[in-house]
Amino acid sequence: MPPIHLTVDGEAVTRDVDARTLLVHLLGDGLDRSGVNVGCDSSNCGACTVLLDGRSVKSCTVLAVQADGREVTTVRGLAWEGEGWHPLQAAFSACHALQCGYCTPGMIMAAKDLLDANPRPTDAEIREGLEGNLCRCTGYAPIIAAVSQAAQRLATDDADA
């Protein structure tokens, strides 16, 4: 087993992993990233969504060796250094877009990818952007409101910069 080298939440990591190890298991079990949840093991729920080189992926569908030399961002790495929560994290809290919280990290990471590609999405575009991420508690309306609120804050921050 040759080692793999990757960056996780800004930290350089080297690990020996079996060729069959999924990224979700490396992150959760091997690197103690509690915000990467195993929900279904079949890519149906999105609870394990992370950013891989800035694009959202369901980490249960990616082998850890496929992340060799790449950058992985989990919900833990999303917080703004010195400024606290990312606007998406703050909006999910403010809009009560979580109940049990199990899907929340994956929802936030999928929303981050969406807002990077489309900074001013409509509600319909938010729904489409979060497609494949399931929540069994909130009913989606607060999640859509949170993503919309975060988009507005990010747009305001960009205008002020």
Side-chain angles (χ1 to χ4, degrees), residues 1-11 13-79 85-89 91-93 95-118 121-148 150-151:
M1 274 185 299
I4 63 168
H5 310 278
L6 59 156
T7 302
V8 179
D9 298 332
E11 174 187 341
V13 173
T14 300
R15 289 289 188 278
D16 293 327
V17 296
D18 184 276
R20 298 171 292 172
T21 300
L22 294 171
L23 182 58
V24 68
H25 295 300
L26 172 64
L27 294 170
D29 300 335
L31 298 175
D32 193 30
R33 292 306 195 263
S34 57
V36 183
N37 297 321
V38 177
C40 65
D41 262 342
S42 62
S43 78
N44 288 318
C45 75
C48 67
T49 301
V50 298
L51 300 180
L52 184 60
D53 293 335
R55 298 301 315 260
S56 65
V57 299
K58 294 177 181 178
S59 60
C60 71
T61 66
V62 177
L63 294 170
V65 295
Q66 291 175 293
D68 189 22
R70 300 175 77 182
E71 184 173 341
V72 177
T73 306
T74 72
V75 74
R76 183 187 295 182
L78 196 58
W85 283 353
H86 183 277
L88 276 164
Q89 294 166 312
F92 266 68
S93 177
C95 294
H96 307 288
L98 58 121
Q99 283 185 11
C100 80
Y102 203 78
C103 72
T104 305
M107 286 283 188
I108 288 174
M109 299 313 288
K112 171 73 166 90
D113 187 24
L114 167 68
L115 295 181
D116 286 347
N118 180 359
T122 65
D123 285 356
E125 290 168 330
I126 293 170
R127 284 184 191 92
E128 183 178 336
L130 297 179
E131 193 173 74
N133 288 72
L134 302 177
C135 177
R136 292 176 174 92
C137 299
T138 67
Y140 298 100
I143 293 170
I144 293 163
V147 175
S148 183

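Please read these numbers as outputs of a predicted model, since none were measured by experiment. Note that these values count all heavy atoms, side chains included, but never hydrogens, waters or copies made by symmetry.
- Of the listed residues (Thr74, Val72, Val8), just one forms a side-chain contact (heavy atoms from CB on, under 4.5 Å) with Leu31, and that residue is Val8.
- For His96, there are no side chain to side chain donor-acceptor pair (under 3.5 Å) partners at least two apart in sequence or on another chain.
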task = Carefully, step by step, assess Leu22 and Leu63 under the rule side-chain contact (heavy atoms from CB on, under 4.5 Å).
result = CA-CA 4 Å; Leu22 294 171; Leu63 294 170; 4.0 Å; yes

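- Inter-residue side-chain proximity for Val36 and Ser59 is flagged as met; some heavy-atom pair is nearer than 4.5 Å.
- Atoms CG and CG, on Asp32 and Leu27 in that order, are 11.0 Å from each other to the nearest 0.5 Å.
- In this structure, Arg33 pairs ionically with Asp9, as a charged nitrogen and a carboxylate oxygen lie closer than 4.0 Å.
- Formation of a donor-acceptor pair under 3.5 Å by the Thr122 side chain with backbone atoms of Glu125 is found in this model.
- Val50 has its side chain out of reach of Thr73: every pair of non-hydrogen atoms, C-beta onward, lies at least 4.5 Å apart.
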key: Criterion side-chain contact (heavy atoms from CB on, under 4.5 Å) on Ser148 and Ile126, from CA distance to verdict   = CA-CA 8 Å; Ser148 183; Ile126 293 170; 4.1 Å; yes

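- No side-chain heavy atom of Arg70 sits less than 4.5 Å from a side-chain heavy atom of Leu6.
- Nearest heavy-atom pair, Cys40 versus Cys45, reported as atom, atom and distance to 0.1 Å: SG-N, 3.4 Å.
- Counting all heavy atoms, side chain and backbone alike, Ala67 lies closest to Leu23 at CB-CD1, 4.1 Å.
- Checking side-chain atoms of Asp68 against main-chain N and O of His5 turns up a donor-acceptor pair under 3.5 Å.
- Considering only heavy atoms from C-beta on, Met107 comes within 4.5 Å of Cys135 through its side chain.
- At distances below 3.5 Å, not a single donor-acceptor pair connects side-chain atoms of Arg55 with backbone N or O atoms of Leu51.
- Using a 4.5 Å heavy-atom threshold, the side chains of Arg76 and Ser34 count as touching.
- Not a single donor-acceptor pair under 3.5 Å links the side chain of Asn37 to the backbone N or O of Ala47.
- With rounding to the nearest 0.5 angstrom, the OG1 atom of Thr104 is 11.5 Å from the CG atom of Leu88.
- The shortest non-hydrogen separation linking Gly54 to Asp113 is O-OD1, 3.7 Å.
- Looking at Tyr102, its side chain never comes within 3.5 Å of a backbone N or O of Arg136 through a donor-acceptor pair.
- In plain terms, the two heavy atoms of Gly46 and Asn133 that are nearest each other are O-ND2, 3.1 Å.
- Atom OG1 in Thr7 sits 6.0 Å away from atom CD in Glu71 (nearest 0.5 Å).
- The side-chain contact (heavy atoms from CB on, under 4.5 Å) test applied to Ala91 returns Ala146, Gln149, Ala150, not counting sequence neighbours.
- Between Val38 and Cys60 the shortest side-chain heavy-atom distance does not fall below 4.5 Å.
- Taken from SG in Cys95 to CD1 in Ile144, the straight-line distance is 11.5 Å, to the nearest 0.5 Å.
- Every side-chain contact (heavy atoms from CB on, under 4.5 Å) that Val17 has, sequence neighbours left out, goes to Ile4, Arg15, Thr21, Leu26, Ala64, Val65.
- Note that the OG atom of Ser93 and the CG atom of Leu98 stand 7.0 Å from one another [nearest 0.5 Å].
- Of all the heavy atoms in Ala110 and Gly129, the pair that sits closest is CB-O, 4.5 Å.
- The two residues Val147 and Phe92 have their closest heavy-atom pair at CG2-CE1, 4.1 Å.
- Panel note: side chain Lys58, backbone Gly132; a donor-acceptor pair is recorded below 3.5 Å.
- Distance check, rounded to the nearest 0.5 Å: CD1 of Ile108 to OG of Ser56 gives 13.5 Å.
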request  = Could you check Gln89 against Val75 for side-chain contact (heavy atoms from CB on, under 4.5 Å), going step by step and ending with a plain yes or no?
outcome  = CA-CA 9 Å; Gln89 294 166 312; Val75 74; 3.6 Å; yes

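- The side-chain heavy atoms of Asp116 and Lys112, taken from C-beta on, include a pair separated by under 4.5 Å.
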